[in-house]
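One structure is given here, and the rest of the page talks about it.
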Amino acid sequence: MRDIQMVDLRAQYDRIGPEIDSAIKSVLESTAFIKGPEVKLFEEELQKYMGVRHVISCANGTDALQLAIMALGLKPGDEVITTNFTFIATVEVVALLGLKLVLVDPEPGTFNISVDAVRRALSPKTKAIVPVHLFGQCADMEKIMAIAKEHDLFVIEDAAQATGADYIFSDGSVKKAGTIGHIGTTSFFPSKNLGCYGDGGALYTNNEILAMKLRSIANHGMKERYHYSDIGVNSRLDTLQAAILRVKLKYLSGFNAARKNAAEFYDEAFAGCLSLILPERAAYSTHIFHQYTLRVRNGKRDELKKYLESLKIPAMIYYPGPLHLQEAYRKPGYDETDFPVTTALCKEVLSLPMHPEMEQEQLDFITSSIIKFFDKTA
Ligand SMILES: *Cc1c(COP(=O)(O)O)cnc(C)c1O
């Protein structure tokens with residue numbers, strides 16, 4: 001059995017190495033490292049895969065969020081509602097641009113932003129909602145878009161963990177995560193479902209004017225050569241990463257299907273284990289399992305994690321602390337009793353190894369070890 005990894009990028013490279021090598025070599029030979037033809041080709045291919053009008057590539061998923069807020073013209077003091085249970089990048093850009101961060105609890109089952117909590121957090125100053133499609137499953141976009149429409153708000157979807165997940169509307173129509181709100185953002189960080197070999201990111205929109213604005217802001221605010229209509233930034237996907245992503249995009253559906261199979265194996269193996277709460281599947285979304293995240297009951301999470309470590313089974317806590325208690329984000333009025341769902345999840349969640357190259361032998365070892373742990377400790 002191979003050593004078990006949370007994400008096994010080496011095993012993946014062993015599968016697709018020759019194609020990756022030749023893609024890299026062709027960029028090296030062209031020396032078009034910035035704005036090479038591969039960048040535009042990748043944007044076109046991703047646009048087709050996503051079923052969206054515009055894809056704008058950029059340097060990383062955090063930049064993508066920042067560009068989205070800048071393009072929507074949000075101003076210091078405007079309120080942005082987002083989930084307290086997410087990766088720091090989601091809230092960082094809101095704070096960085098001087099907007100007022102309004103955190104709300106997620107749903108305990110799906111880990112995604114609670115629609116009722118969003119409703120309760122609305123104020124006359126609310127300008128945008130940022131749902132995060134956490135761990136590979138969509139937030140409840142239909143309801144969020146209805147709130148946005150009613151109150152004239154923008155919706156920025158943070159789809160960094162959900163490239164390829166489908167949202168299923170109540171009329172049966174389907175859209176890809178990230179293509180439903182005014183702007184969607186994603187990351188190609190190596191461990192994401194569609195990851196490159198460095199940093200990368202992209203934005204999605206169906207709005208032509210927003211697309212032009214995003215392109216301009218990502219490129220120093222340039223309208224035409226050396227004419228600057230916006231204050232912009234320098235945020236580009238480089239050609240090498242685009243070439244790598246073109247290869248990996250072809251495999252994405254297969255990779256996501258392999259993750260789903262592994263998740264189903266975990267589900268079945270743990271079905272009778274009363275100490276574990278399995279990741280809930282929402283009826284309105286497919287799940288591409290960026291993470292397979294359990295909730296461990298009875299305060300046993302840390303003990304289980306240590307036991308797994310002793311067997312060389314990695315497991316991670318995403319996320320260990322609520323954002324409102326982080327030193328940089330603490331503010332008067334928030335304390336340990338706020339956000340009860342986030343606080344409980346931070347003590348219970350444990351993500352198991354999850355990637356497209358999981359071997360059956362590894363899955364058997366992980367699941368039987370966890371079941372053995374609870375047989376002993378129950
Ligand atoms: C990874 C991630 C990001 C940031 O992406 P980078 O490319 O690392 O900047 C933002 N939001 C979420 C939810 C993420 O998981």
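Whatever order the structure lists ligands and atoms in, that order sets their numbers, starting from 1.
- When non-hydrogen atoms are compared, ligand 1 lies under 4.0 Å from the backbone of Asn60 as well as from its side chain.
- What sits closest to atom 4 (C) of ligand 1 on the protein, heavy atoms only, is Thr62 OG1, 3.6 Å.
- Ion pairing between a basic and an acidic side chain is recognised when a charged N comes within 4.0 Å of a carboxylate O; Arg120 and Asp116 show no such pairing.
- In this structure, atom 14 (C) of ligand 1 lies nearest to the protein heavy atom Lys192 NZ, 3.0 Å.
- Taking every non-hydrogen atom of Gly61 and a distance limit under 4.0 Å, the qualifying atoms of ligand 1 come out as 4 (C), 5 (O), 6 (P), 7 (O), 9 (O).
- Using modelled atom types, one side-chain atom of Arg259 and one backbone atom of Phe289 make a donor-acceptor pair closer than 3.5 Å.
- Residue Asp140 holds its CG atom at 9.5 Å from OG of Ser285, rounded to the nearest 0.5 Å.
- Nearest to atom 11 (N) of ligand 1 among the protein's heavy atoms is Asp158 OD2, 2.7 Å.
- Ligand-side atoms of ligand 1 in range of Val132: 13 (C), range being under 4.0 angstrom from any heavy atom.
- The shortest N/O to N/O separation between Thr86 and ligand 1 does not fall below 3.5 Å.
- Here's the thing with Asp63: none of its N/O atoms is less than 3.5 angstrom from an N/O atom of ligand 1.
- With Asp78 contributing its side chain and Lys75 its backbone, the two residues share a donor-acceptor pair below 3.5 Å.
- Between Phe87 and ligand 1, not a single N/O pair is under 3.5 Å apart.
- Screening Leu103, Asp338, Thr343 for a side chain to side chain contact (heavy atoms under 4.5 Å, CB included) involving Pro322 leaves a single residue, Thr343.
- A salt bridge links Asp267 to Arg281: at least one charged side-chain nitrogen sits closer than 4.0 Å to a carboxylate oxygen.
- Residues Phe87 and Phe189 place their aromatic rings such that the two centres sit no closer than 6.0 Å.
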